[in-house]
Novice: 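Dropping a structure here in structure tokens format, bear with me for questions.
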Amino acid sequence: MKSTRHLNLAFRPLTNQEYEEGCNSGEEYFFFYPKESSSINLNSFNKSIPNELKNEVDQQLIKQLNSFPLNRIESGLLMDSLKYESTYLWYYHRVRIYFNLRELMYFEKVIQEALTKENSIRIFTNDKRLIGLFPNEDRIEFKYDTLPSQKRSKISKTGAIKYAVSSLVRGIKSVSKSKIIKRKKHLIIVNDDHVDTTDIKVNQYYANLLRNGDPSKFGVLHLKRAPKPNQTNQLAAKKNLNSSYQSISNDFIVTLKGLTMFKKMKSIRVFLDSIETLKEEVQNSLSPTHSLFFNEFIHLRKSSMLYLFQYECYRAFFKNSNIKTISAISEQSPNERSIIDAAKSCNITTIGIQHGLISSLVVAYNFNPKERQFSPFPEHTIVWGKAYRDYLVESGCYSSDNLHVLGQLRTDLIPDLLTTKKSDLNLPKDPIILFASQPIPNEELRKKVASIVKETAQKLPQYHFIIKIHPAEKKEYYQSIFNDLLSKNVQILQKEIHLYELLAVSDIVTTCYSTVGKEAVYFNKPLITIDPLRQDIAEFVKDNIAENTTNSIELIKKIHQVLSDDQKFVGNYASFKEKNILSIDGQTTQRYLDFIYSFE
């Protein structure tokens with residue numbers, strides 16, 4: 001009897017036995033990871049997932065996320081079962097689930113397309129979630145490799161002690177501040193990533209707001225993130241925000257109020273247990289993709305416990321306070337959300353401040369209009385320009401009454417920086433190519449973009465390349481990549497020179513989809529995007545303010561064109577500024593303060 005021939009899709013390395021079987025079978029193998037040299041005897045091909053397919057999947061995944069809260073199960077609306085007190089737990093994990101599942105959904109799409117052409121497919125994978133997406137598909141054979149269990153990160157005892165001691169010291173210092181903070185009318189949430197030690201301004205996100213606001217009215221809630229096991233040394237050394245405002249750290253609030261939360265902890269456990277009992281009912285009621293979301297959601301139980309515990313601690317702290325408003329950037333991040341939701345439950349007005357670009361591929365700002373009933377965002381959101389307001393109204397579930405166009409805070413720095421010279425910053429006279437990095441969730445793409453910049457710098461030694469590191473990234477990551485060029489024409493900076501000073505003296509700005517690209521336009525600097533997937537996430541190309549490149553050859557060509565006198569790129573800068581920024585007049589801070597004070 002003739003054996004069935006399979007199309008083989010490898011999403012993981014093959015074992016030695018699988019290699020031997022493949023060589024003997026003569027079947028085709030498609031590898032969706034860098035193929036190892038030992039596979040040379042296989043009838044095999046390296047394969048990459050097309051950019052168009054990834055774009056399609058990203059859009060579909062966001063739509064699926066937005067429709068998940070509207071599901072009904074036998075007992076009623078699913079979101080009613082995910083509601084704890086006045087907060088919906090789903091929104092604490094929504095963005096994380098998106099990034100956890102995105103690559104898996106790429107693989108699902110590849111398999112779906114293969115099934116339209118093949119009668120028998122063998123899938124080599126270590127992700128058993130894939131089988132749940134094809135529950136009744138008998139044409140697929142899944143092959144799993146038993147991998148050794150990963151060792152847990154070792155806890156640095158010295159670092160843990162330092163972190164515990166520093167938390168205790170902050171707690172003791174905060175005791176006297178607790179009552180003072182509760183008497184303030186306005187709180188601003190600032191997390192560790194926002195602490196900026198450069199001389200030019202206090203804080204890179206809030207700019208003058210932390211300097212020009214009235215200290216008698218404002219307080220700062222400094223959100224210090226608990227360290228991961230192998231990071232305690234680093235986090236213990238984090239500096240407190242240098243501000244004239246009274247500040248209090250979240251670890252003090254959680255420690256102080258957590259001591260009285262034993263009954264609440266029991267309630268949280270009972271609530272999380274009730275969600276897990278829904279698993280069978282959910283499997284029978286939801287689509288395979290939504291069932292996958294739910295399974296991913298319940299696997300985040302420990303995080304859920306932490307966020308709800310924080311929520312209860314903040315509620316207890318805000319009770320009977322004089323606080324009128326709480327403002328935050330990163331308002332969709334779970335730690336910030338626990339504060340925002342607690343404030344809402346205490347009738348404190350909550351304000352979100354736009355801190356990044358908004359588009360159809362930015363998960364944090366995209367919701368189904370019917371989700372408004374679950375209040376997934378602060379009561380008020382400040383945006384930079386009317387284009388962002390219009391997008392959120394038309395494509396999201398925001399109300400125009402709760403969106404406020406006030407401009408971008410740190411543009412108040414621009415008028416004073418326009419006369420900055422390279423010599424003022426001790427930079428060379430050579431043309432400066434500024435690359436603004438960002439923590440791209442897809443590690444493969446992140447390395448690809450960095451490698452394109454490196455290859456370009458190697459071939460253009462006459463230009464000075466500056467790698468400006470995003471606050472959430474580690475400098476060491478880029479130092480390892482650009483190590484052989486650091487003594488030549490590449491310089492890596494994080495907090496040594498303020499971003500806006502660098503924008504003022506750069507000749508070209510490059511980025512993937514960072515907000516910095518938009519800010520380059522504020523300085524009238526030529527903008528080139530590095531976008532191997534051609535996703536145009538920030539829509540810079542669509543808005544005609546940038547030229548796109550996908551590899552180093554294209555980037556080198558664009559740099560030469562832009563720096564030549566007769567081919568400078570002149571995009572639609574004036575129109576873009578009009579739509580995306582209210583004004584660069586040095587008065588944005590005052591507009592923010594006037595808005596916040598209006599709630600007194």
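Values reported hereafter were calculated over all heavy atoms of this structure, with side chains retained and with hydrogens, waters and symmetry mates removed. The residues of the chain are indexed from 1 along the displayed sequence.
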Novice: Determine whether the side chains of S216 and D214 contain a donor N or O and an acceptor N or O closer than 3.5 Å.
Specialist: yes
Novice: Evaluate the ring planes of F218 and H186, with Trp represented by its six-membered ring, and classify them as parallel (under 30°), tilted (30 to 60°) or perpendicular (over 60°).
Specialist: tilted
Novice: Hydrogens and angles aside, do Y88 and Q373 bring a side-chain donor and acceptor to less than 3.5 Å of each other?
Specialist: no
Novice: Within the 3.5 Å criterion, strictly below it, is a donor on N55 or Q59 matched to an acceptor on the partner's side chain?
Specialist: no
Novice: When rounded to the nearest 0.5 angstrom, what is the spacing between CD1 in I188 and CD1 in I326?
Specialist: 11.0 Å
Novice: Checking E501 side chain against H498 main chain: does a donor-acceptor pair fall under 3.5 Å?
Specialist: yes
Novice: Side chain of S287, backbone of H290: donor and acceptor closer than 3.5 Å?
Specialist: yes
Novice: Would you say R301 and S304 are linked by a side-chain donor-acceptor pair, where the criterion is simply a distance under 3.5 Å?
Specialist: no
Novice: Is it true that S583 and R591 share a donor-acceptor pair across their side chains at a distance under 3.5 Å?
Specialist: no
Novice: Measure centre to centre between the rings of Y365 and Y388, then say whether the value is under 6.0 Å.
Specialist: no
Novice: Yes or no on side-chain contact (heavy atoms from CB on, under 4.5 Å) for H380 and T325, after CA distance, side-chain angles and deciding distance?
Specialist: CA-CA 10 Å; H380 298 273; T325 73; over 6 Å; no
Novice: State the CD1-SG distance between I537 and C512, to the nearest 0.5 angstrom.
Specialist: 6.5 Å
Novice: Do other residues, nucleotides or ligands put more than 12 heavy atoms under 6.0 Å from E281 CD?
Specialist: yes
Novice: Got a donor-acceptor contact below 3.5 angstrom from the T87 side chain to the Y84 backbone?
Specialist: no
Novice: According to side chain to side chain donor-acceptor pair (under 3.5 Å), who are the partners of Y91, at least two apart in sequence or on a separate chain?
Specialist: E371
Novice: Can a donor-acceptor pair be found, under 3.5 Å and without considering hydrogens, that links the side chain of D412 to the backbone of T588?
Specialist: yes
Novice: Please list all pairs passing the ring pair (Phe, Tyr, Trp, His ring centres under 6.0 Å) test where one or both residues lie in residues 520-550, with sequence neighbours left out.
Specialist: Y500-F523
Novice: Got a donor-acceptor contact below 3.5 angstrom from the T411 side chain to the I584 backbone?
Specialist: no
Novice: Hey, can you tell me if H404 and F595 have their rings parallel, tilted or perpendicular (30° and 60° cut-offs)?
Specialist: tilted
Novice: Report, as yes or no, whether the 6.0 Å neighbourhood of atom NZ on K324 holds more than 12 heavy atoms from other residues, nucleotides or ligands.
Specialist: no
Novice: Among all residues two or more places apart in sequence or in another chain, which pass the side chain to side chain donor-acceptor pair (under 3.5 Å) test with K319?
Specialist: none
Novice: Using atom types as modelled and distance alone, determine if a side-chain donor or acceptor of T529 lies under 3.5 Å from a backbone N or O of D531.
Specialist: no
Novice: Just to verify, which of K468, R446, K495 counts as forming a salt bridge (charged side-chain N to carboxylate O under 4.0 Å, His left out) with E473?
Specialist: R446
Novice: Just checking E103: does its CD atom have more than 12 heavy atoms from other residues, nucleotides or ligands closer to it than 6.0 angstrom?
Specialist: no
Novice: Verify side-chain contact (heavy atoms from CB on, under 4.5 Å) between Q64 and M105, making sure each step is shown before the conclusion.
Specialist: CA-CA 11 Å; Q64 291 277 11; M105 306 310 286; over 6 Å; no
Novice: Rounded to the nearest 0.5 Å, what separation is found between the CG atom of L82 and the OH atom of Y92?
Specialist: 13.0 Å
Novice: Nearest 0.5 Å, please: how far is OG in S506 from CG in L527?
Specialist: 11.5 Å
Novice: With distance as the sole test, does N402 use its side chain to make a donor-acceptor pair with the main-chain N or O of T381 at under 3.5 Å?
Specialist: no
Novice: Passes side-chain contact (heavy atoms from CB on, under 4.5 Å), I508 versus F435? Steps please.
Specialist: CA-CA 9 Å; I508 291 178; F435 168 64; over 6 Å; no
Novice: Quiz question: by atom type and distance under 3.5 Å, do the side chains of K344 and S86 form a donor-acceptor pair?
Specialist: no
Novice: Within this structure, what is the NE2-CG distance for the pair H222 and N250, rounded to the nearest 0.5 Å?
Specialist: 8.0 Å
Novice: Look at the side chain of R534 and the backbone N and O of N548, then say whether any donor-acceptor pair between them is shorter than 3.5 Å.
Specialist: no
Novice: Do the side chain of Q332 and the main chain of P376 share a donor and acceptor less than 3.5 angstrom apart?
Specialist: yes
Novice: Hey, do the aromatic rings of H93 and Y307 have their centres closer than 6.0 Å?
Specialist: yes
Novice: Please confirm whether K182 makes a cation-pi placement over F317, using NZ or CZ under 6.0 Å from the six-membered ring centre and within 45° of the ring normal.
Specialist: yes
Novice: Atom CD1 in I323, atom NZ in K184: separation rounded to 0.5 Å?
Specialist: 11.0 Å
Novice: Using atom types as modelled and distance alone, determine if a side-chain donor or acceptor of D390 lies under 3.5 Å from a backbone N or O of A387.
Specialist: no
Novice: So, K579 versus N572: side-chain donor-acceptor pair below 3.5 Å or not?
Specialist: no
